[in-house]
Amino acid sequence: MAFLARALRQSNWRLSSRCPAVAASCRWISPTAAAGSPEAGAAVAPADLELPPPREPVGGARVELPPNPEDALEVFVDGHAVRIPKGFTVLQACEVAGVDIPRFCYHSRLSIAGNCRMCLVEVEKSPKPVASCAMPALPGMKIKTNTPVAKKAREGVMEFLLMNHPLDCPICDQGGECDLQDQSMAFGADRGRFTEMKRSVVDKNLGPLVKTVMTRCIQCTRCVRFATEVAGVQDLGMLGRGSGEEIGTYVEKLMTSELSGNVIDICPVGALTSKPFAFKARNWELKGTETIDVTDAVGSNIRIDSRGPEVMRVVPRLNEDINEEWISDKTRFCYDGLKRQRLNDPMIRGPDGRFKAVTWRDALAVIAEVLHQVKPEEITGVAGKLSDAESMMALKDFVNRMGSDKVLCEGNGPNPPADLRSNYLMNTSIAGLEKADVFLLVGTQPRVEAAMVNARIRKTVKATQAKVGYIGPPADFNYDHEHLGTGPQTLVEIAEGSHPFCSVLQSAKNPVIIAGAGLFEREDQVALFSTIETVAKKFNVMRPDWNGLNVLLLHAAQAAALDLGLVANPAESIKSAKFLYLMGADDISLEKLPDDAFVVYQGHHGDKGVYRANVILPSSAFSEKEGTYENTEGCTQWTIPAVPTVGDARDDWKIIRALSEVAGAQLPYDSLSAVRDRISTVAPNLVHVDERETPTISAEVKPPVKQQVSSTPFKAVVENFYMTDAITRASKIMAQCSATLLKK
Amino acid sequence: MAWRASLSRSVKEIRVLFCQSSPASAPAREFVKKNYGDIKARNPSLPFLVRECSGVQPQLWARYDMGVERCVNLDGLTEAQIDKKLEELAMAGESLKTK
């Protein structure tokens, strides 16, 4: 039975979790479902006493018995009594009892289809085996999972599934992590009896990300349900019936969702695999490192699979509160950008305008010399979108010690609202959005700004018919929304109470307002947020038990930059700069920069910032360093290095620390823990890893605003979902997606 | 109260750290709620960073020119004493500038 234990362990790899060894604290991550809802079934991991105990959840529901005894019932699984909430299915009851039921079509986050019949179990007094995923558990039900009848039933189903399945396991990319392989080993017969011709199916073209080998498809319809229910696109469906069944797109069409890569994970066989990853590696060759995504402000939990110094692929890691078990296509497929256009040596621009590779000592000496030639107020430091908190802390301390206050982070606008944390965070939390019944989106397009937040809103709209009102340029969100207007005048009407949407907000129990971080860039940002706060006060959006006022940030560095106080005005700082330090800042406008300004670019990619630079300093990417990132809801998370750095690159904060020593304003920290101790004196929430520190001081304490709201319409902040930062712009896969998937 | 109008000239940045719920931080929380509006109205461009974190001792930090920082522990202080401490930090900024 050793193979059985191994097969069961492998088939549950997506549901198991382990805490990173270097993390100071771990968040207990477990699958969950709303109690009492069979549609949102949960796969509960078998109880394991060695795992750390669960902590108090930040948001979202956990599997827990309802307080009312009437809402719980008792069933017997293989003779063991177990108490479950009402509405649980037989399969969920078995999992609570610690029995793993094989399944192909069932998925805890999708609706129940019941068409694979692999989860057949025996129920006392039932003449036939029962599909456990579709059968509600009844009080006193006696379930038997290990009887000859159940085993025979599963063996028969497996025989039928393998009948037309091609014997191409050696060339299949799903090898080593295939549910069909694992379950046929555990539950199938030891020989086949099928001697007829196997059928074959024509492959479909889903785009540059998903490779299809539809002959392997077992028609479990997981991908159809995922596309319809989670991704929100009606691209996939079932064609034909009986032995002619095929999954496809009906007409020749690409799958245009930002979450399409997740069908690769949920496909239990090798029908849908990763096209960029095709034939690159086997999963047993890969080293998995649990880390954090930085392509947007969601902070999705990911696992980077690497082989030696190369990142081979990115897959999601379960986190109920942030990304559940999905990630966006940008997160999943931009990894080849980590291998291209990398900076690996310090470089100095010569008199002829060409860059010459130099040693670190020479580069730092040149920079220090220039630093002493400029006045303190002429020094400006700019942090980029992908900066971690340690680097921004070092940059701020260094520039401050040189006598300048001009430290900023790109994207935070001329007057960042950095004083009170509730003014720039998603205060409801991402999981808390599921409790909302009305959404008002102001100047934000969550589908392209934060695809995972959009999926959460869509989940709420689908589950509870929540209303969505949107103010901004026309957009498609994959769910029904009411387009209220394009500019701040609509918001003023709502604040005055004269807009028809006010009645919807008035009748809402848990209203949510989401403002986009693109509003930070407007000159009337203060007046605009004051109007939003007026709307929030008018419709009871902020209460002691509910805070529905949110800001959806754009970049991974944005929340930490605001926490640390990088609040300088970009236009004024750039205009007066004679020494400009760009730390991965590629999207800040340098048009107003004086021609004689000295520019230092520190980053990991040769992107827009290097064209103006006088000195280039190579640094590590997020996959190569330990760094602290805070997401849009204020949850602090750490990245873990998965691969070594490229060439002679160093960690960002170490470069600044060395530069401070050469420049004569030495920073007092020499280790990562010392930097984090320093951070705890500025923003102590940034050292509470995997925690959300809820702010209690709200906008009510702010002084009145004299500024007037401008009538300029809101504009789209993200034009190309697939190219938003230096890593994605360097990615060939993202370039293919931009060419084929972007709507024209 | 006149010192508040010149706060942004003597101090580069003010940071208040406290816990969201502990009794030791209650005076700091009340101080911020009652005085933030007035301080911000007089000094619109001065960063007055309020950072709440569980388990943190209430602290008041001031940053001056050249990155010099001073910290005052607010544990056990009343609101009036906190106001006095803030004024002392502002005066310290003035004296630092004249050196």
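Quick note on labels: first sequence line is chain A, next is B, and so on, each numbered from 1.
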For chain A, the option from B:G37, B:G67, B:C53 that forms the most heavy-atom pairs under 4.5 Å: B:C53
On a heavy-atom basis, the closest approach of B:R51 and A:N685 is CD-OD1, 4.3 Å
How close do A:P684 and B:L17 get, heavy atom to heavy atom, and via which atoms? CD-CD2, 3.9 Å
Any donor-acceptor pair under 3.5 Å linking the side-chain atoms of B:E52 with those of A:T696? yes
Would you say the side chain of [Y] lies within less than 4.5 Å of the side chain of [X], judging by non-hydrogen atoms?
{"X": "A:R421", "Y": "B:V50", "answer": "no"}
{"X": "B:R63", "Y": "A:D405", "answer": "yes"}
{"X": "B:Y64", "Y": "A:N400", "answer": "no"}

With a 4.0 Å cut-off, would you call A:R401 and B:E69 a salt bridge? no
Measuring from atom CG of B:L49 to atom CG of A:L562, what distance do you get when rounded to the nearest 0.5 angstrom? 9.5 Å
Rounded distance [0.5 Å steps], CG in A:D419 versus OH in B:Y36: 3.5 Å
Report the option among A:A418, A:G565, A:S404 that has the most heavy-atom pairs separated by less than 4.5 Å from atoms of chain B. A:A418
As an exercise: rank A:V567, A:D397, A:T681, A:L420 by heavy-atom pairs under 4.5 Å with chain B and give me the winner. A:T681
Name the region of B:E13, side chain, backbone, both or neither, that has any atom closer than 4.5 Å to a heavy atom of chain A. side chain
Would B:S54 and A:E693 satisfy side-chain hydrogen bond (donor to acceptor under 3.5 Å, both in side chains), going step by step from the backbone distance to the final call? CA-CA 7 Å; B:S54 55; A:E693 292 292 343; 2.8 Å; yes
Side chain to side chain contact (heavy atoms under 4.5 Å, CB included), that's the test. Do B:R15 and A:V682 meet it? Break it down for me. CA-CA 7 Å; B:R15 299 198 303 272; A:V682 179; 3.8 Å; yes
Bottom line for A:N415: the part with an atom under 4.5 Å from chain B's heavy atoms is neither
Can you tell me if NZ on B:K33 sees more than 12 non-hydrogen neighbours from other groups inside 6.0 Å? yes
Atom CD of B:E30 with >12 non-hydrogen neighbours under 6.0 angstrom: yes
